[in-house]
Amino acid sequence: MSDIRVTPLGAGQDVGRSCILVSMGGRNIMLDCGMHMGFNDERRFPDFSYITRDGTLTEHLDCVIISHFHLDHCGALPYMTEMIGYNGPLYMTHPTKAICPILLEDFRKIAVERKGETNFFTSEMIKSCMKKATAVNLHQTIQVDDELEIKAYYAGHVLGAAMFHIKVGQHSFVYTGDYNMTPDRHLGSAWIDKCRPDLLITESTYATTIRDSKRCRERDFLKKVHMCVENGGKVLIPVFALGRAQELCILLESYWERMNLSVPIFFSLGLTEKANHYYKLFITWTSQKIKKTFVHRNMFEFKHIKPFDRSYIDNPGPMVVFATPGMLHAGLSLQVFKKWAPNEKNMVIMPGYCVAGTIGHKILNGVKRLEFENKQTLDVRLSVQYMSFSAHADAKGIMQLISQSSPSNVLLVHGEGGKMAFLREKIQKEFGINCYMPANGETAIVPVSHNLPVTASVSLLKRHVTVSGEEGPVPKATRVLHGALVMKNNKMTLVEPSAAFRDLGLEEHQLRFTCNIMLDEEGPVTDTAERIYKLIKGSMKQRAVQYSSDGSISVGDSVLINVSGDEESKNILVSWSHQDEELGSYLLKLLKANATAV
Amino acid sequence: MKLICLSNNPSKPCFVLYFKGVALMLDCGLDISQLTHFLPLVTIPGTVLTKVSDHFGVGGEKRKLSEKLGTELKECMGRTFIDGAFEFSVPEFGLVDMSQIDAIIVSNFTTIMALPYLTQFTNFRGKIFATEPTLQIGRMYMEEMLKYVERNPKLKGASFWKEDEFASLLPSSLKEAKEPRGWRKLYTKHDIDACLSKVQTVGYNEKLDVFGALQISAVSSGCAIGSCNWIIQSTFEKICYLSGTSTLTTHPKSMEQAPLKNSDVLILTCLTQTPLAQPDPMIGEFCQNSVLTLKHGGSVLVPCYPSGVTYDLFECLSMHLESCGLSNVPLYFVSPVADSSLAYSNIYAEWLSKAKMSKVYLPECPFPHAELVNSGRLKHFKDINELGSDFRMPCVLFTGHPSLRMGDVVHFMENWSQNPANAIIFTEPDFPYLEALAPYQPVMMRVYYCPIDTSLNFLQANILIRDLKPLHLVVAEQYITPPPLAPQRTDLVIEWEPSPLTYKKYEVLNLPVKRQWETVHLDPELAAGLEPVEVRPGAAICMLTASLAARDNKFILKRLPENQQSDPGKQGEGDATANNSKTYAFGSPNISQFVEILTQQGISSIKVEETESGSIIHLPNDDTLIQVDSSSTHIICDDEAIRVRLKDTLLKCLKQL
């Protein structure tokens with residue numbers, strides 16, 4: 001009996017700053033290395049000093065895995081690898097490796113250049129950090145060392161998002177990162193095989209939500225945008241450069257085409273083209289439909305969507321603007337918001353989750369008057385809409401993934417405590433398995449037990465399989481195997497006893513017993529023998545009982561029964577080896593009891 | 001363990017491997033070399049057709065037969081061709097019951113071409129594994145060939161000539177045709193779609209489980225986008241199957257060697273088809289000959305497939321032209337799948353060489369042909385009808401099919417071949433170029449033969465085998481003798497000590513691998529209850545009796561159920577004894593100690609008699625005889641109580657397990 005220990009450094013009963021430590025089979029694995037968007041102080045990054053107080057992270061961690069490029073999953077990575085110091089194995093998918101540095105750089109600029117923060121990672125650090133990353137393909141098994149192996153599955157949350165199956169010897173767990181179980185306009189749905197891990201560590205952002213159909217939400221979104229621009233209002237959609245933005249662009253593009261609208265749609269300059277180019281090069285990571293049609297029509301080439309310029313903010317008339325970042329915590333989206341917020345004709349559509357502390361989170365909670373660091377205040381008069389386009393699995397999706405992968409235990413992260421507790425109840429009831437939800441810094445100890453693998457000789461196995469195979473295949477019937485388990489050189493082998501004795505230089509001492517039973521029975525010897533044979537045969541259903549012409553009966557491996565004598569009296573000789581002691585003594589008893597019965 | 005070969009051509013392989021009760025097909029190549037026996041499918045009636053005349057035939061008593069043969073055979077430039085619908089040489093699926101095949105693994109897009117024949121025309125029901133690029137590019141190859149054949153259909157098949165009665169009348173070229181009765185017409189679009197929808201795509205180094213018995217994984221083989229070699233293994237045995245492999249650095253991800261090491265059996269196929277030519281100098285010659293032709297105002301025709309080396313040709317030629325000041329010469333790529341081929345090549349970054357893959361991080365397209373297309377230097381078209389008015393000459397034109405029997409190349413041969421300024425450069429190794437050219441002779445254009453086959457040559461293969469150190473090596477029969485074209489080149493063979501096992505079509509090869517070990521899992525409850533006895537430092541043993549369950553080819557040992565462990569006597573069911581654990585005794589008993597204990601137990605009158613090999617102990621009062629020697633004891637006793645007491649006493653004098 002051993003266990004898997006899971007300690008969230010972030011994302012324990014919380015959304016944001018995903019960073020989870022797992023110890024399993026003597027290996028330490030770090031899952032994600034995220035940043036909390038709601039904080040500006042040291043709480044922004046995970047507390048790496050928890051991992052080890054003496055010694056380096058490289059010594060302590062066997063590998064680091066990044067599930068996708070969102071900053072709450074990778075934002076602290078350059079800080080960890082370059083400023084604290086980590087040179088060990090680091091894995092992420094190709095698109096994550098490609099896009100991650102762009103978002104990090106973007107974020108760095110906002111933090112350093114706009115907010116004037118010091119003690120922050122530099123562009124060089126981002127570059128050298130990404131050099132340490134090994135890109136993985138879906139379903140490829142990567143051998144980190146002789147025991148630790150990882151395998152990525154499609155997660156469908158953003159381009160390149162992956163779930164990871166991590167194995168050490170017989171122990172294994174799955175970390176989902178963020179995932180989505182319903183295919184959307186540009187990504188497929190998450191998929192995993194029935195890999196039966198000991199533990200499934202799943203996100204639970206929408207632990208209690210069952211979202212209505214995707215189509216309705218899309219129609220709702222389009223209707224709201226359309227109404228607002230028709231009334232001359234401006235629509236602000238704060239997004240992250242990659243991900244939801246592309247899906248909403250595809251959605252608006254086709255709607256504008258269909259409705260023949262001419263109201264301008266803008267997308268934050270710079271990232272647009274580059275971001276869309278990534279989508280074009282990583283088409284294999286998008287949805288089936290896009291993959292099928294990309295040769296003739298690339299969905300990421302937009303006709304109606306134009307690059308945005310800062311000077312357009314004060315342009316009169318209706319427009320739709322996609323601006324980064326998505327939680328209104330900094331950058332262009334915040335700048336646009338500040339300008340447009342006082343006008344009730346305008347609208348802001350928050351298409352995703354906002355972490356506590358951000359402006360996005362505040363306005364979603366109905367705050368009508370915002371206060372900023374420099375004592376400025378802002379009245380929020382525009383219409384605030386929340387549309388759940390964030391591609392997370394809902395409660396139904398989480399349950400679906402549990403039944404798909406069939407784990408022995410579940411552990412919830414990346415969600416709010418209260419909602420987690422509800423989901424935990426549901427999981428325990430529905431699947432009858434343990435469910436954990438440790439808070440940050442708390443360690444969940446998940447006990448696991450496994451079969452012990454040993455090397456067995458094929459001849460031993462074949463003997464036992466064929467013996468019972470005589471009456472045709474009975475797969476469920478138990479067969480009894482008898483062998484010797486030899487433990488030598490830290491290896492265990494299961495072989496025929498005689499082979500084991502030879503191997504270990506043991507000399508077996510054969511012990512044999514012979515008993516006589518006198519019987520006064522008239523008639524030919526063969527009649528008596530025949531009667532005894534039938535008696536034994538009747539009581540031995542599984543044993544091989546053989547009657548040979550010389551009047552001897554053999555039972556099992558070593559028991560021999562011989563009947564001799566003359567017309568008046570018979571002598572039954574029973575002989576067996578020590579290994580068949582119970583069978584032999586049982587037969588002796590049986591014969592004694594039934595010898596005189598006619 | 002057995003291997004059956006179903007194909008004549010080691011470069012278009014197809015095998016069935018039997019291993020651990022699993023029947024696995026390896027590759028499904030389609031031999032198309034017989035295409036050169038057919039008349040070209042002409043797009044627009046032109047010079048080739050006018051030169052064609054009826055088969056000469058013979059007079060006399062065989063005149064009638066000869067006339068019948070004449071309806072199927074045509075003469076052209078002194079050679080006899082088949083005038084009928086194209087037929088292809090399909091692997092011999094009849095050799096094995098296809099319904100018993102559990103799975104097929106496909107190595108690359110050249111060895112997938114016969115797959116629709118397998119899935120649509122046999123009772124094959126197994127799984128199909130291939131990488132995503134193999135599937136997509138394989139589809140392009142199939143669709144291109146199908147388009148070519150369907151665009152100018154020949155409805156009439158030719159089959160009389162295959163019959164025995166005509167054998168004596170056939171010209172020698174057709175007499176040499178290999179097993180023409182096994183040739184089949186090409187599959188349809190529906191066959192391709194239905195077949196490929198069954199393919200399960202796999203990634204490199206993905207571990208696939210086949211019925212719990214085998215684990216299969218694909219490792220990069222370096223010869224084409226998504227091409228792979230296969231490792232087929234159980235816990236204790238390992239077979240490596242090397243199909244098209246290249247150790248050169250071109251556009252695909254480089255070959256991975258480490259996982260192929262130390263196998264029990266290494267099956268090697270698809271070595272170079274042009275052992276006398278090296279790819280690098282050939283690419284150089286290709287570029288030089290192109291420039292030479294262009295500088296003299298001629299155009300260059302390159303018969304090619306829609307993927308593979310063609311990408312390298314685009315890259316090398318465009319760079320070379322630039323360096324020669326010919327960057328305004330247009331490059332044309334004409335194929336029904338040209339657009340897909342160019343588009344797909346740029347989304348398969350993870351299957352490409354390191355240099356190409358790293359470009360997507362910038363983000364840029366991995367292949368320079370994306371930029372060539374954007375800048376208008378490389379123009380691609382579905383067929384000649386799309387070429388239109390801006391078609392400029394001189395130019396370099398890439399088009400199919402390399403056999404010169406179908407596709408747009410036929411049209412260009414008719415139009416360009418009589419101009420001595422033009423040139424045709426053969427690069428694909430699948431067809432002897434003179435055979436391909438035969439129906440167009442005499443041609444005035446220059447003819448260059450620069451075959452580029454990046455597959456392993458014999459030198460590379462021999463080095464690779466030495467590095468991989470397999471226990472047994474299996475190669476095609478052809479590979480252990482020098483190539484027919486260069487019989488003196490004894491270096492162009494596979495060398496291996498002892499001589500490798502060889503395969504050829506129709507032969508069943510027994511692979512000398514004996515399975516000795518298998519993994520069995522002990523249930524934790526059972527494992528916890530074991531009490532090993534240390535027999536010497538570092539070595540322990542314990543006897544184990546447990547119930548064995550075999551499910552999905554996995555063995556699990558569990559503790560015997562309670563009811564099977566109880567005393568058989570009380571149960572009254574003798575069968576129960578079958579399940580009881582057995583004990584073993586070791587060493588030889590100390591006779592005096594044994595006698596002493598018996599005496600203590602109140603057994604009187606013990607007579608010990610020494611014999612040559614041991615002792616005989618006699619207990620006259622109890623009518624009992626005990627024969628003891630160093631490795632055995634025989635107790636002959638009728639009284640059960642005494643016997644049990646003797647047994648227990650004796651066991652005390654021995655070591656037990």
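Per chain, numbering begins at 1; letters A, B, ... match sequence-line order. When reading the values below, keep in mind they use all heavy atoms of this one structure, side chains included, and skip hydrogens, waters and symmetry mates.
The closest donor-acceptor contact from the side chain of A/T141 to the backbone of B/N205 lies under 3.5 Å.
Only the side chain of B/L654 comes within less than 4.5 Å of a heavy atom of chain A; its backbone N, CA, C and O stay farther away. Using a 4.5 Å cut-off between heavy atoms, A/D503 contacts chain B through its backbone alone, with no side-chain atom that close. Both the backbone and the side chain of A/H94 come within contact range of chain B, with heavy atoms under 4.5 Å apart. Residue A/L588 touches chain B through its side chain alone, counting heavy-atom pairs closer than 4.5 Å. The contact between B/L557 and chain A is made entirely by side chain atoms (from C-beta outward), counting heavy-atom distances below 4.5 Å. Residue B/L342: no heavy atom, backbone or side chain, is found under 4.5 Å from chain A. Of the atoms belonging to A/N489, it is backbone heavy atoms, and not side-chain ones, that fall under 4.5 Å from chain B. Looking at B/D629, only its backbone comes within 4.5 Å of chain A, counting heavy atoms on both sides. For A/V495, the part lying near chain B is the side chain, with the backbone staying farther off; criterion is any non-hydrogen pair under 4.5 Å. Residue contact with chain A, scored on non-hydrogen atoms closer than 4.5 Å, involves the backbone and the side chain of B/A540 alike. Within the 4.5 angstrom heavy-atom criterion, no atom of B/I626 approaches chain A. Contact of B/V535 with chain A is made through the side chain alone, with heavy-atom distances under 4.5 Å. Of the atoms belonging to A/F513, heavy atoms from both backbone and side chain fall under 4.5 Å from chain B. Heavy-atom distances place the backbone of B/E364, and not its side chain, under 4.5 Å from chain A. No part of B/L646 comes within reach of chain A, as not one of its non-hydrogen atoms sits under 4.5 angstrom from that chain.
One distance of note links OG of A/S449 with CD of B/E525; it measures 10.5 Å at 0.5 Å rounding. To the nearest 0.5 angstrom, B/C365 atom SG is 8.5 Å from A/K280 atom NZ. Between the OG atom in A/S575 and the CD1 atom in B/I635 there is a gap of 11.5 Å [rounded to 0.5 Å]. Taking CG of B/D523 as the reference point, atom NE2 of A/H450 lies at 12.5 Å (rounded to 0.5 Å). Atom OG of B/S631 and atom CD of A/E508 lie 9.5 Å apart (nearest 0.5 Å). If you take CG on A/L573 and CD1 on B/I636, they are separated by 8.5 Å, rounding to the nearest 0.5 Å.
Each of B/W517, B/F236, B/Y204 has some count of heavy-atom pairs under 4.5 Å with chain A, and the biggest count is that of B/W517. Taking chain B as the reference chain and counting heavy-atom pairs below 4.5 Å, the highest number among A/A500, A/A484, A/A456 is found for A/A456. If you tally non-hydrogen atom pairs under 4.5 Å between each of A/P497, A/A135, A/P95, A/P101 and chain B, the highest count goes to A/P497. Of the listed residues A/N490, A/L138, A/I283, A/N137, the one with more heavy-atom pairs under 4.5 angstrom with chain B than any other is A/N137. Each of B/R643, B/Q516, B/R515, B/M543 has some count of heavy-atom pairs under 4.5 Å with chain A, and the biggest count is that of B/R643. Taking B/L362, B/T519, B/I541 one by one and counting their heavy-atom pairs under 4.5 Å with chain A, the maximum is reached by B/I541. Contact tally against chain B (heavy-atom pairs below 4.5 Å) for A/Q143, A/M130, A/Q140: the top residue is A/Q140. Residue with the most contacts toward chain A among B/K558, B/K647, B/M357, B/R536: B/K647 (heavy-atom pairs, distance under 4.5 Å). For chain A, the option among B/P589, B/A370, B/A528 with the highest count of heavy-atom pairs below 4.5 Å is B/P589. Ranked by heavy-atom pairs shorter than 4.5 Å toward chain B, the options A/N298, A/V486, A/L504, A/V574 are led by A/L504.
Looking at residues two or more places apart in sequence or on another chain, you find a ring-ring contact (aromatic ring centres under 6.0 Å, His included) between B/Y344 and A/F294, B/Y348. By the ring-ring contact (aromatic ring centres under 6.0 Å, His included) test, A/H139 is found to be paired with A/Y153, A/W191, residues two or more places apart in sequence or in another chain being considered.
A heavy-atom distance below 4.5 Å is not found between the side chains of A/L506 and B/Y584. B/H634 is listed as a side-chain neighbour of A/T514, based on a closest heavy-atom distance under 4.5 Å. Side chains of B/L650 and A/L511 form a contact here, defined as non-hydrogen atoms less than 4.5 Å apart. Within the 4.5 Å cutoff, the side chain of A/E149 has heavy atoms near those of the B/K207 side chain. A/T284 places a side-chain heavy atom less than 4.5 Å from the side chain of B/E350. For the pair A/L485/B/L530, a side-chain contact is recorded, criterion being any heavy-atom separation below 4.5 Å from C-beta on. Proximity of B/T633 to A/H578: side-chain heavy atoms (C-beta onward) are nowhere separated by under 4.5 Å. Between B/E640 and A/S585 the shortest side-chain heavy-atom distance falls below 4.5 Å.
Residues A/L281 and B/N346 approach most closely at CD2-O, 3.7 Å, considering heavy atoms. B/D638 and A/K592 make their closest contact through O-NZ, 3.6 Å (heavy atoms, listed as atom of the first residue, atom of the second, distance). Nearest heavy atoms, B/C542 versus A/M487: SG-CE, 4.1 Å. A/Y278 and B/V360 make their closest contact through CE2-O, 3.4 Å (heavy atoms, listed as atom of the first residue, atom of the second, distance). What you find for B/C637 and A/C515 is that their closest heavy atoms are O-SG, 2.7 Å. Nearest heavy-atom pair across A/K488 and B/A539 is CG-CB, 3.8 Å.
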Query raised in the report: Can B/L548 and A/V480 be said to form a side chain to side chain contact (heavy atoms under 4.5 Å, CB included), step by step?
Result: CA-CA 6 Å; B/L548 176 71; A/V480 175; over 6 Å; no
Requested in this report: Dump the intermediate steps for side chain to side chain contact (heavy atoms under 4.5 Å, CB included) on B/V520 and A/L461, then the final yes or no.
Outcome: CA-CA 9 Å; B/V520 170; A/L461 283 176; 3.8 Å; yes
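Under a cut-off of 6.0 angstrom, the local environment of CD in B/E531 is sparse, with at most 12 non-hydrogen atoms contributed by other residues, nucleotides or ligands. Within 6.0 Å of NZ on B/K514 lie no more than 12 heavy atoms contributed by other residues, nucleotides or ligands. Within 6.0 Å of NZ in A/K151 there are more than 12 heavy atoms belonging to other residues, nucleotides or ligands. No more than 12 heavy atoms of other residues, nucleotides or ligands shown are found within 6.0 angstrom of CG on B/D623.
In this structure, B/E132 does not pair ionically with A/K291, as no charged nitrogen and carboxylate oxygen lie closer than 4.0 Å.
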